[in-house]
Amino acid sequence: MLKLYHNPMTRSLRVLWLLEELGLDYSLESVEFVPPVEGKLFAQKTPTGRFPTLEDGEITIGESGAIIEYLIERYSEGRLAPPIGSPLRAKYLQWMHFPEGTLNPYVNAIQRFAPVTPAIVAAMREELDIAIAFVDDELTYNTYIVGNDFTGADIMLAVSLLSVNSLGSLVENYTNIAAYFARLQSRPALVKAMQS
Ligand SMILES: N[C@@H](CCC(=O)N[C@@H](CS)C(=O)NCC(=O)O)C(=O)O
């Protein structure tokens, strides 16, 4: 049985969204988010100390990207990812890892250091803006981030873009991203995940 330790304000939204997209049976344990104290990370009340955490029988797994890849590999029956070895696979992997590898480090740093180091934060915002423009450009000709089909990489990216959005008016500034958000928000699986 799949069990997700969930808090709606966190990256566990990614996993919940995917569980809904795949139509899997799962149980949800809603867990309160404890604001991290300096030097005390991994203190959330989940088996890994962070969100998201998924249990699948004997298996316990953290890291949202790893969980998305694991669930798709194990349960999607070929959906939501280009097959291994296919031409689109490299692009899929790039966009699967871009959100946590490139976007979120800026978001985390801006949120953490905004009150104390405005000059550094301003520089990071500029760099983040360049990364966002790169995403917007990629969406010029594509319906989804890897091409015409919705994949797990969209789940990874969209939730990072929501975090970026919480820092400013991203959607208004980037028309391709705004249209992409509108397309994603019409997906019943996301609507359901956002209600939990
Ligand atoms: N790269 C990790 C980041 C996990 C993460 O930072 N989770 C946050 C909530 S979105 C958290 O649990 N923070 C509390 C902590 O790290 O102690 C992922 O994608 O799962």
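Counting convention: from 1, in listed order, for ligands and their atoms alike.
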field: Atoms of ligand 1 close to Thr10 [distance to a heavy atom under 4.0 angstrom, numbered from 1]
entry: 9 (C), 10 (S)
statement: Of all protein heavy atoms, the one nearest atom 16 (O) of ligand 1 is Arg50 NE, 2.9 Å
query: Would Leu2 and Asp25 satisfy side-chain contact (heavy atoms from CB on, under 4.5 Å), going step by step from the backbone distance to the final call?
result: CA-CA 7 Å; Leu2 293 161; Asp25 278 337; over 6 Å; no
field: Proximity of Phe134 and Trp95 rings by center, below 6.0 Å
entry: yes
- line: To atom 10 (S) of ligand 1, the nearest of Glu63, Met9, Arg14, Arg11 on a heavy-atom basis is Arg11
Ligand 1 atoms in contact with Glu100 (distance to a heavy atom under 4.0 Å): 1 (N), 2 (C), 19 (O)
- prompt: Nearest to atom 14 (C) of ligand 1 by heavy atom, Lys40, Gln44, Met156: which?
  reply: Gln44
- prompt: Are Glu20 and Tyr26 close enough that a side-chain donor and a side-chain acceptor fall under 3.5 Å?
  reply: yes
- line: Among non-hydrogen protein atoms, atom 12 (O) of ligand 1 lies closest to Phe51 N, 3.0 Å
message: I'd like to check the salt bridge (Lys or Arg N to Asp or Glu O under 4.0 Å) partners of Asp56; sequence neighbours left out, ordered by chain and number.
response: Arg74
message: Ignoring hydrogens and geometry beyond distance, is a side-chain donor-acceptor pair present between Ser64 and Arg50 at under 3.5 Å?
response: no
message: Closer than 4.0 Å to some heavy atom of Pro52 - which atoms of ligand 1 meet that?
response: 20 (O)
query: What protein heavy atom sits nearest atom 13 (N) of ligand 1, and how far off is it?
result: Phe33 CE1, 3.9 Å
message: At less than 4.0 angstrom from any non-hydrogen atom of Phe42, what atoms of ligand 1 do you find?
response: 15 (C), 17 (O)
field: Of Asp136, Thr175, Leu139, the residue whose pairing with Tyr180 passes side-chain contact (heavy atoms from CB on, under 4.5 Å)
entry: Leu139
message: Starting from atom 19 (O) of ligand 1, what is the nearest protein heavy atom, named by residue and atom, and what distance separates them?
response: Ser64 OG, 2.6 Å
message: The criterion is side-chain contact (heavy atoms from CB on, under 4.5 Å); which residues satisfy it with Ser86, sequence neighbours excluded?
response: Pro82, Pro83, Arg89
